[in-house]
Amino acid sequence: MPTRRLATLCLAALAVSPAAFAQNALDNVLAKKQITIAIPTDFPPYGFVGTDLAPQGLDIDMARYIGAKLGVKVELVPVTSANRIPYLQTRKADLVISTLGKNPEREKVIDFAAAYSPFFQAVFASKGTVVKSAGDLAGKTVGVTRGAIEDIELSKIAPPSADIKRFEDNNATISAFASGQVQVLATGASVAANLMARNPQLGTELKFVLKDSPNFIGVAKGEDKLRAKVNEIVAGAKAAGELDKLAQKWLGRPAGALPD
């Protein structure tokens, strides 16, 4: 092939904008009658592996609800806090339903459908550990899951002398705290509640809130048709009381008011 012709084809390929690949996800899902949804398996009660070795939890129920409303089969793909956004960017998943908080940094690389469940991140430690504010983290070891929203929020306010230890998933983070590798834990309130219920001898308590951050559904950038369809499904679930039922089942309280 002549050099000029090859160069022209290469430039044409490079010139194809992301929008040219966008808007296909919903059509593809409906055509193949299957949607791939990234979910957590290390974050009870939102997502964990049950005694039957199958994923379960609030996020898994929400994923299956959306699949049912679309009339398609649901393929569940386990992800961690660190790789859930790359799964959307590389089209390994059509949606992320994995305790995903919305922030400006994430909005630069993915889109968000409506919120579906309540969530907040906080700092926890034993009753004997004096922590009332971010300043009290000075000189202390703090465990957090890499890439999670609590990691982002903690990094903004932790003093330079705080020793922040980042772990690859929530199980590793919780284990580090429970075993005494770290003195302080930054995580979601529901995860901490599960930890406290299973390990009452640790005397863990809430120290201060990092961020009130409802869970949103992640969609690949530019997939507006899929995002609009998911918003429609979530709005219907909210109006029918289904979101309150899910939250009551897994969190022990209704979802309450959630942002669109």
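We count residues from 1, following the sequence as given.
Every side-chain hydrogen bond (donor to acceptor under 3.5 Å, both in side chains) that Ser117 has, sequence neighbours left out, goes to Asn215. Scored by the salt bridge (Lys or Arg N to Asp or Glu O under 4.0 Å) test, Lys229 finds Glu232 as partners (sequence neighbours excluded). For Ser213, the side-chain hydrogen bond (donor to acceptor under 3.5 Å, both in side chains) test picks out no residue, with sequence neighbours left out. For Asp61, the side-chain contact (heavy atoms from CB on, under 4.5 Å) criterion is met by Leu246, Lys249, Trp250, not counting sequence neighbours. Under the salt bridge (Lys or Arg N to Asp or Glu O under 4.0 Å) criterion, Lys69 pairs with no residue, sequence neighbours left out. The side-chain contact (heavy atoms from CB on, under 4.5 Å) check on Asp151 picks up Val144, Arg146, Ser155, Arg166, with sequence neighbours excluded. By the side-chain contact (heavy atoms from CB on, under 4.5 Å) test, Lys245 pairs with Glu242, sequence neighbours left out. Contacts of Asp136 classified as side-chain hydrogen bond (donor to acceptor under 3.5 Å, both in side chains), with partners at least two apart in sequence or in another chain: none.
Under the 4.5 angstrom side-chain criterion for Ile, Leu, Val, Met, Phe, Trp and Tyr, the cluster partners of Val79 are Val77, Tyr87. Taking a 4.5 Å side-chain heavy-atom cut-off between Ile, Leu, Val, Met, Phe, Trp and Tyr, the cluster of Val96 extends to Ile85, Leu88, Leu100, Val109, Ile110, Phe112, Phe216. Membership of the apolar cluster around Phe120 extends to Val209, as traced through chained side-chain contacts below 4.5 Å between ILVMFWY residues.
Phe124 has its ring centre no less than 6.0 Å from the ring centre of Phe177. Aromatic ring centres of Tyr116 and Tyr65 lie farther apart than the 6.0 Å criterion allows.
The side-chain heavy atoms of Val142 and Leu185, taken from C-beta on, include no pair separated by under 4.5 Å. Residues Ile39 and Pro55 meet the side-chain proximity criterion, which asks for heavy atoms closer than 4.5 Å. At a threshold of 4.5 Å between non-hydrogen side-chain atoms, the residues Val230 and Arg227 do not count as touching.
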Under 3.5 Å, which donor-acceptor pairs do the side chains of residues 29-37 form with other protein atoms, sequence neighbours left out?
{"unit_1": "Gln34", "atom_1": "NE2", "unit_2": "Glu75", "atom_2": "OE1", "d": "3.2"}
{"unit_1": "Thr36", "atom_1": "OG1", "unit_2": "Glu75", "atom_2": "OE1", "d": "2.9"}

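Between the side chains of Thr145 and Thr173, at least one donor N or O sits under 3.5 Å from an acceptor N or O.
The main-chain N or O of Lys211 is never found under 3.5 Å from a side-chain atom of Glu153 such that the two would form a donor-acceptor pair.
Classification of Lys221 and Glu107 as a salt-bridged pair fails, no side-chain N sitting under 4.0 Å from a carboxylate O. Note on Lys225 versus Asp27: salt bridge recorded, some NZ/NE/NH1/NH2 to OD/OE distance being below 4.0 Å.
Taking each heavy atom of Ala63 and Leu76 in turn, the nearest pair found is CB-CD2, 3.9 Å.
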